[in-house]
Participant: 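The following block contains the structure, expressed as structure tokens.
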Amino acid sequence: QGQLVESGGGLVQSGGSLRLSCVASGSIFSFKTMGWYRQAPGKQRELVATITSGASTNYADSVKGRFTISRDNAKNTLYLQMNSLKPEDTAVYYCHADVIFGIWFRPGDYWGQGTQVTVSS
């Protein structure tokens, strides 16, 4: 079965940068959207950024100008470049894919296990 695996989280000081990666084991050939979501303790999971199969992107207002979502189809990897990090960005970040067709991926929604991002002040 296909899986999404996030990496790149960690502890960083305010103003620092991190690059999150989401690697699909198996190959996603066709998808509606892929994206990053985050969930802070006691908070509901929220959208951070999404990218469509046509490379159209969407960002939460709170991260616009600081975060960049991208996808490398050849590497079957989704990225989230996070710059100018703030303590408010502290959360578990999850990768998501709405898959249409792939190798080891049946159509449907897939979530990664999450990677912790902690921003200290």
Participant: List in chain and number order the residues that pass ring pair (Phe, Tyr, Trp, His ring centres under 6.0 Å) with F105, two or more places apart in sequence or in another chain; answer none if no residue qualifies.
Facilitator: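 Result, ring pair (Phe, Tyr, Trp, His ring centres under 6.0 Å) vs F105: Y110.
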Participant: Are V99 and Y94 connected in a single hydrophobic cluster, I mean Ile/Leu/Val/Met/Phe/Trp/Tyr linked by side-chain heavy atoms less than 4.5 Å apart?
Facilitator: no
Participant: To the nearest 0.5 Å, what is the distance between OH on Y79 and CZ on R71?
Facilitator: 10.5 Å
Participant: Please name all residues satisfying side-chain contact (heavy atoms from CB on, under 4.5 Å) with V119, sequence neighbours left out, ordered by chain then number.
Facilitator: V12, S14, L85, P87, D89, T90, V117
Participant: Please name the pair of heavy atoms, one in A60 and one in L47, separated by the smallest distance, quoted to 0.1 Å.
Facilitator: CB-O, 3.4 Å
Participant: Only counting residues at least two apart or in another chain, list the ones meeting side chain to side chain donor-acceptor pair (under 3.5 Å) with T118.
Facilitator: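 By the side chain to side chain donor-acceptor pair (under 3.5 Å) rule, T118 matches Q116.
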Participant: Find out if a path of hydrophobic residues (ILVMFWY) with successive side-chain heavy-atom gaps under 4.5 Å connects L18 to V63.
Facilitator: yes
Participant: If Ile, Leu, Val, Met, Phe, Trp and Tyr residues are connected whenever their side-chain heavy atoms lie under 4.5 Å apart, and connections chain through other members, are I51 and L80 in the same group?
Facilitator: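 Per the 4.5 Å side-chain linkage, I51 and L80 are co-clustered.
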Participant: Restricting to side chain to side chain donor-acceptor pair (under 3.5 Å), what partner residues turn up for Q113, sequence neighbours left out?
Facilitator: E6
Participant: Which residues pass the side-chain contact (heavy atoms from CB on, under 4.5 Å) test with S120, sequence neighbours left out?
Facilitator: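 L11, Q13.
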Participant: Please list, one pair per line, the donor and acceptor atoms closer than 3.5 Å that link side chains of residues 19-34 to other protein atoms, with sequence neighbours excluded.
Facilitator:
residue, atom, partner, partner atom, Å
S25, OG, Q3, N, 3.2
S25, OG, Q3, O, 3.3

Participant: Mind jotting down which residue pairs meet the disulfide (SG to SG under 2.5 Å) criterion with at least one end in residues 27-89? Sequence neighbours excluded, please.
Facilitator: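 Of all non-adjacent pairs touching residues 27-89, none passes disulfide (SG to SG under 2.5 Å).
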Participant: Can you name the residues that form a side-chain contact (heavy atoms from CB on, under 4.5 Å) with N83, not counting sequence neighbours?
Facilitator: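 Expected list: S17, Q81.
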Participant: Is there any salt bridge (charged side-chain N to carboxylate O under 4.0 Å, His left out) pair reaching into residues 42-56, and which pairs are they, with sequence neighbours excluded?
Facilitator: R38-E46
Participant: Please identify each residue that fulfils salt bridge (charged side-chain N to carboxylate O under 4.0 Å, His left out) with D61, with sequence neighbours left out.
Facilitator: K64
Participant: Could you list all the ring-ring contact (aromatic ring centres under 6.0 Å, His included) pairs where at least one residue sits in residues 36-68, not counting sequence neighbours?
Facilitator: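 Listed by first then second residue: Y37-H96, Y37-W111.
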